[in-house]
Amino acid sequence: MTTTNFFIVTAIVIYLLVMLAIGFRFSKKTTSSEDFYLGGRKMGPLVTAMSAEASDMSSWLLMGLPGVAYLSGVCDAAWTAIGLAIGTWLNWYFVSRRLRRYSNNIQAITVPEFFSKRFHDKSNTLNAIAALVIIIFFIPYTASGFAACGKLFNSLFHVDYTAAMVVSALVIISYTIMGGFGAVSTTDLIQSVVMTIALITVLGYGITTAGGWGAVMANAQALPGYLSLNAMHDATAGTASPYGFITIISTCAWGLGYFGMPHILVRFMAIEDEKKLVLSRRIASVWVVIAMAVAIIIGIVGLGMTNAGALEFLEGSTSETIIVRIAGLISQHGVFTALLAGVILAGILAATMSTSDSQMLAAASGVSQNIVQEFFHVKLDEKKSLLIARITIVCIAIVGIFLARDPNSSVFAIVSFAWAGFGGAFGAVMLCALFWKRCNKWGALAGMVSGGATVFIWKYLVRPIGGAWNIYELLPAFLVSLVFIIVVSLLTKAPDESIIKEFEEAKLVK
């Protein structure tokens with residue numbers, strides 16, 4: 001191992017040990033299911049905001065988004081980011097406070113349990129279906145995170161992809177199992193800081209190496225469609241392809257996914273005081289806009305570095321390693337820069353870990369709390385409930401590792417499918433549950449099943465037709481779900497007075 005690599009690894013190891021120490025610390029405080037899944041509803045506004053956004057952005061921010069911008073230009077990445085920025089703000093503004101109040105009133109500690117208690121579903125069918133949806137779509141989402149870790153170490157140190165992926169997964173599993181939500185949220189806060197340092201450092205170094213901002217822009221402007229918002233650059237052919245209005249709407253539909261993301265929604269439920277969500281919203285919205293903008297610019301700067309001869313051209317899914325390659329260049333200027341490169345790479349790990357831990361925790365709650373105890377009515381004490389949750393985390397990680405075994409898999413593609421799954425299955429259901437009192441359990445069930453099914457049908461049967469049908473599956477899934485909710489709710493029995501009373505109480509500002 002070279003001296004440079006030694007210091008890079010040292011920085012990464014210190015970072016990972018800090019994450020494990022946090023998990024161990026919170027393991028002493030985790031004594032109940034509410035502690036494990038919601039941190040006892042004691043999260044502050046800063047931790048809530050940054051934990052939500054760190055768990056949201058994932059490795060997609062530091063690998064997927066810059067990779068897309070690097071290869072195809074601004075258009076696809078920018079419209080995706082615009083949709084996500086709008087969706088972030090809308091989710092914090094409309095959903096967060098109402099969900100915090102409503103879930104607290106009916107004593108729901110997970111998203112599936114909220115649906116079940118909101119509609120007084122005594123059979124817990126909603127609970128079980130929602131938990132299954134979470135497990136189905138979180139497994140590939142978690143796999144994308146493990147794949148990002150494997151790519152990181154493989155591209156930088158040329159270590160075995162699978163070995164690197166497994167070791168990273170073990171660290172994530174360890175602190176999540178030990179500390180639960182408290183550990184996950186606290187590590188997410190730290191990880192968001194590390195991610196920010198990584199973005200700023202890479203951007204500054206990249207611009208300098210590419211010959212300055214003027215050189216970066218001159219290179220981008222010379223490429224057909226690269227800086228356009230209505231055309232995409234084709235790196236292979238050296239031409240531009242049109243990016244129509246329907247495609248823009250389809251891409252912006254990424255923002256609809258926020259209304260159905262269990263690992264983000266649970267942050268709203270966990271804050272100590274709903275009034276503090278206003279501050280959380282401001283922090284989260286500003287950070288996410290700046291972070292995505294910088295990530296896209298890094299992709300553009302990376303291509304400028306390639307044009308300047310500092311980097312080789314990155315094709316296909318290897319474009320997602322652009323920040324890793326830049327960190328490798330940074331590390332070659334002495335001990336301090338090697339340590340700084342280690343922090344940057346820890347930032348990519350942070351982006352990955354902050355999402356994977358949240359996803360595994362949400363899936364664990366789905367099995368232990370929602371399926372085993374509430375659907376099958378198996379009586380478990382706190383110790384056994386937490387044991388099942390922890391076993392679930394291990395099982396999901398094992399499946400995730402298996403799915404991520406291909407080093408050529410695209411992080412962006414995997415995340416986009418899982419994101420569509422949650423947005424389609426839960427997005428419209430959550431909005432109707434919070435804001436339409438006529439919505440009933442049959443409408444919610446129909447919306448959940450139809451939305452989730454449409455994601456698969458559209459992606460594998462309809463979208464391949466191409467042309468006008470080439471629409472991101474989240475948009476049609478969300479609309480189909482909404483239609484089913486409205487139609488089925490109106491065709492079936494209206495909610496009883498007790499449900500209406502709870503709905504009205506959740507509207508009251510205390």
Side-chain angles (χ1 to χ4, degrees), residues 1-27 50 54-55 57-59 61-63 142 145-179 182-202 205 321 323-358 360 393-394 397 400-401 404 407 411:
M1 178 183 290
T2 65
T3 302
T4 297
N5 283 352
F6 173 78
F7 284 107
I8 292 175
V9 171
T10 298
I12 294 175
V13 169
I14 291 172
Y15 166 77
L16 294 176
L17 289 175
V18 170
M19 297 300 102
L20 289 173
I22 291 171
F24 179 75
R25 176 174 174 267
F26 275 91
S27 68
M50 298 313 298
S55 65
M57 286 293 107
S58 75
S59 53
L61 177 68
L62 296 184
M63 296 189 79
T142 302
F146 295 161
C149 291
K151 285 184 179 185
L152 189 158
F153 290 106
N154 176 259
S155 62
L156 189 68
F157 302 119
H158 304 291
V159 299
D160 182 70
Y161 167 84
T162 303
M165 180 179 61
V166 171
V167 171
S168 302
L170 288 174
V171 174
I172 300 171
I173 294 167
S174 298
Y175 75 75
T176 304
I177 284 177
M178 285 192 292
V184 165
S185 296
T186 303
T187 53
D188 284 354
L189 172 61
I190 296 172
Q191 287 157 352
S192 66
V193 174
V194 176
M195 288 159 64
T196 303
I197 294 172
L199 286 168
I200 294 172
T201 304
V202 167
Y205 179 83
T321 65
I323 289 183
V324 179
R325 306 301 177 98
I326 296 174
L329 292 178
I330 292 174
S331 70
Q332 297 172 10
H333 299 283
V335 173
F336 175 76
T337 59
L339 289 171
L340 185 59
V343 173
I344 293 169
L345 298 174
I348 298 178
L349 278 178
T352 302
M353 294 164 70
S354 62
T355 301
S356 297
D357 55 22
S358 300
M360 290 191 291
I393 289 172
V394 174
I401 289 171
V411 172

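From a predicted model like this one, the values you see are computed outputs, not experimental measurements.
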If you measure from CD1 on Ile8 to OG1 on Thr3, what distance do you get to the nearest 0.5 Å?
11.0 Å
Could you give the distance from CZ (Arg325) to CD1 (Ile330), rounded to the nearest 0.5 Å?
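Rounded to the nearest 0.5 Å, the CZ-CD1 separation comes to 14.5 Å.
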In chain order, what residues pass the side-chain contact (heavy atoms from CB on, under 4.5 Å) check against [X], with sequence neighbours excluded?
{"X": "Ala397", "answer": "Phe146, Ile173, Met360"}
{"X": "Leu329", "answer": "Tyr205, Met305, Ala310, Leu311, Gln332"}
{"X": "Ala164", "answer": "Phe153, Val159"}
{"X": "Val167", "answer": "none"}

Smallest separation among heavy atoms of [X] and [Y], with atom names:
{"X": "Gly150", "Y": "Tyr161", "answer": "C-CD1, 3.4 Å"}
{"X": "Ala11", "Y": "Leu339", "answer": "CB-O, 3.7 Å"}
{"X": "Ala341", "Y": "Ser331", "answer": "CB-CB, 3.6 Å"}
{"X": "Ile12", "Y": "Gly342", "answer": "CG1-O, 3.6 Å"}

Tested for side chain to side chain contact (heavy atoms under 4.5 Å, CB included) against Ile197, the lone hit among Leu199, Ile200, Thr201 is Thr201
